[in-house]
Amino acid sequence: MNEHSGSGPRVVVIGGGVGGLATAGLLARGGATVTLLERHSRVGGRAGLLEKSGFRWDTGPSWYLMREAFDQYFALMGTSTEAELDLIELDPRYRIYFEGDGPDGPGEMLDVVADPDANYARFNDLSPGDGDAMRRYAAESAELYRLALDRFLYTTFERPDRVIDGRVLRGLPRLTALLTRSLGSKVARHVRDERLRKVLGFHAVFLGSSPDRAPSLFSLMSHLDLTDGVRYPRGGMYEVIRALERVAVAHGVDIRTGADVKRIVVDDDDLAQGVELAHGEMVAADLVVSGADMHHTETELLSREHQWQPEERWAKRQPGVSALLVFAGVRGELPELAHHTLFFTRDWSRNFAQIVGDGELEPPFPASVYVSRVTATDPGAAPHGYENLVMLVPFPADATLGATEESRAQLRGFAERYLQQVGAWASVPDLSDRLTIHAVTTPADYEREISAWKGSALGLEHTLRQSAIFRPGNASKVVGNLLYVGSSTLPGIGMPICLISAELVAKRLLGSTSAGPLPTPAPAGFLTRSSRTDLLGDIARGSRRR
């Protein structure tokens, strides 16, 4: 076992994704001696970085939304977003191409710009009255967003009664409807035009779901892009990872890359004693926090008798969508694409039915596609005279897709076909001739590289049964000192949400059952204020439980 060199409790964090990094830094600030174990050569998890031939691509999240979550986390750590990141406001916030008269012809373009009034006027031009309806929808979304921040996102649900206050009680009938009706049905009640319905419904993909499956509570996401704005950290989204790593190391976290965890070692008292690495080394711990995929943690890193969520429980759950990701370089300029460009198919429902749900899933053609061209904002992401391109096609969570050489070759052919669709809809007929594909990520890669359940690109899908209080909690019900962080536990999917997930680990350790975020900055050594001896023993003295 490693020798414990500090005075605080020994914490091992498995996985260096957003949740793992944020948790490691926060607990180190709290006084713990933290070791973070990451199997790959660099941290980031899903939020990775690919550098090749002078290009730089973010391999995971590409939208900087929900700035309050970033501000809250950095404030907890005694710093600020402004000190750690250089954010650029995007205008247009994003561009949309709606499928035109045919799947091989030009699409209809719509820019969502930084001026909300201009957007609503444009929406009214497309469909009289719908722009005004979307303004009201966005205002309601802002209300819901603030309610979610105040009452639902920053709670562990250990004490559900602490979530309910007068504001929640007064809005209970409305909240019930928001949880039991779909996002798609809510959008349809507000907006007549099919194109504009898609502007309000596409956020479901960020939740690993579809508009007809995600609860309408998530209409709150329209506040983020229509009202609050879309930003980009100069240098790329991986700058967020670098900032989290920098802050964690400054607080004393020992980050070990190339450290593949084989199993969590649990004693006869159902307490984790540490972890065993693939090469046999044991790393001792008073507390283990797994930021690895929850299914992998439960079914592979724990023995059967210590699994709170065995395989049969997962049979009743749904993974979020996966993705076919294409990383390309394009010779010459590409002004037809914005920093963020979305391509929406006409048969929206069929497209989603092909990638998520209980039916027969298959890659869709044509597809609703997302393309990132960060060189629109950050020319340094590509060599001079070239553009940087990432294409994301939402795909079924099926780890057989790309698992063999034959399947990979087939998916590369699909990628070329989707790129032709992008070129046709955006009226760039020579796109394929100017483009070089440098890498492709498939659902099989998500399973192989980050042990993602069924090759999901995101985590557990956000449906009613897998959201809020119904989402798997962040503490094992079998192993007394094992906690979880990341996209498959509370509160859910996304980079800012995983930052909140890290704070929920700290709240669990503090015994805080409040509904809102912790006061900032978090006091140095704050874990000594906890009475949670069930999780950390006598943490005031940093003693190891026996």
Side-chain angles (χ1 to χ4, degrees), residues 1-49 70 72-80 83-85 238-261 264 272 274-275 277 281-292 474 481-486 495 498-510 518 520-528 530 535-536 539 542 544:
M1 293 279 186
N2 285 354
E3 289 298 316
H4 179 34
S5 57
S7 60
R10 296 166 296 186
V11 176
V12 165
V13 177
I14 304 171
V18 172
L21 280 170
T23 300
L26 188 53
L27 298 191
R29 184 175 177 85
T33 299
V34 182
T35 301
L36 185 147
L37 303 172
E38 167 57 48
R39 79 160 74 155
H40 295 101
S41 60
R42 71 167 97 200
V43 293
R46 285 181 168 91
L49 179 69
F70 294 91
Q72 167 68 10
Y73 180 78
F74 286 123
L76 279 174
M77 297 301 294
T79 181
S80 67
E84 302 299 335
L85 300 170
Y238 197 77
E239 288 303 307
V240 177
I241 298 299
R242 288 196 171 104
L244 296 175
E245 181 180 22
R246 183 169 59 246
V247 170
V249 170
H251 281 79
V253 176
D254 178 19
I255 296 178
R256 295 180 55 184
T257 56
D260 188 6
V261 175
I264 298 170
V275 302
L277 302 184
E281 179 187 356
M282 300 291 293
V283 183
D286 300 307
L287 173 79
V288 174
V289 181
S290 181
N474 69 347
N481 57 341
L482 171 61
L483 299 181
Y484 309 90
V485 69
M495 183 177 273
C498 286
L499 292 178
I500 296 175
S501 180
E503 186 167 338
L504 294 185
V505 170
K507 292 188 77 170
R508 176 77 69 165
L509 292 176
L510 285 169
L518 293 170
T520 62
F526 66 83
L527 288 174
T528 59
S530 173
L535 285 168
L536 282 176
I539 63 173
R544 174 129 176 105

Please tell me if the side chains of F70 and M495 come closer than 4.5 Å, counting only heavy atoms from C-beta onward. yes
Check: L483 and L509 side chains under 4.5 Å, non-hydrogen atoms: yes
Show the nearest heavy-atom pair for residues V12 and A285, with the distance to one decimal. CG2-CB, 3.7 Å
Say you draw a straight line from CG of L510 to OG1 of T528; how long is it, rounded to the nearest 0.5 Å? 9.5 Å
Output the distance between atom CZ (R256) and atom CD (E281), rounded to the nearest 0.5 Å. 4.0 Å
4.5 Å side-chain heavy-atom contact, N474 and V485: no
Closest non-hydrogen contact found for A243 with E84 is CB-CB, 4.0 Å
G44 backbone acceptor or donor facing E245 side chain under 3.5 Å: no
For a 4.5 angstrom cut-off between non-hydrogen side-chain atoms, does I264 reach I14? yes
Are side-chain heavy atoms of V253 and V13 found at a separation under 4.5 Å? no
Where do H251 and A28 come nearest, in terms of heavy atoms and distance? O-CB, 3.5 Å
Non-hydrogen atoms of L76 and E503 that approach each other most closely: CD1-OE1, 3.2 Å
Taking the side chain as every heavy atom from C-beta outward, state whether L27 and V289 have any pair of such atoms under 4.5 Å apart. yes
Nearest non-hydrogen partners of L36 and G16, listed with the distance: CD2-CA, 3.7 Å
Gap between atom CD of E38 and atom OG1 of T257 - 0.5 Å precision: 8.0 Å
Considering residues at least two apart in sequence or located in another chain, which fulfil the side-chain hydrogen bond (donor to acceptor under 3.5 Å, both in side chains) criterion with T520? none
Test of understanding: with side-chain hydrogen bond (donor to acceptor under 3.5 Å, both in side chains), list the residues that count as partners of E239, not counting sequence neighbours. R242
If only atom types and distance count, is the side chain of N481 paired as donor or acceptor with the main-chain N or O of A272 below 3.5 Å? yes
One pair to check against side-chain contact (heavy atoms from CB on, under 4.5 Å): L26 and V505. What are the steps and the verdict? CA-CA 9 Å; L26 188 53; V505 170; over 6 Å; no
Does any non-hydrogen side-chain atom of V261 lie less than 4.5 Å from one of R39? no
Is L21 close to I255 at the side-chain level, that is, under 4.5 Å between some pair of heavy atoms? yes
Quick one: list whatever passes side chain to side chain contact (heavy atoms under 4.5 Å, CB included) with A22, sequence neighbours left out. Y73, L499, A502
Taking it one step at a time, do L518 and F526 satisfy side-chain contact (heavy atoms from CB on, under 4.5 Å)? CA-CA 11 Å; L518 293 170; F526 66 83; 5.7 Å; no
Minimum heavy-atom distance M77-R29, with the two atoms named: O-NH1, 3.3 Å
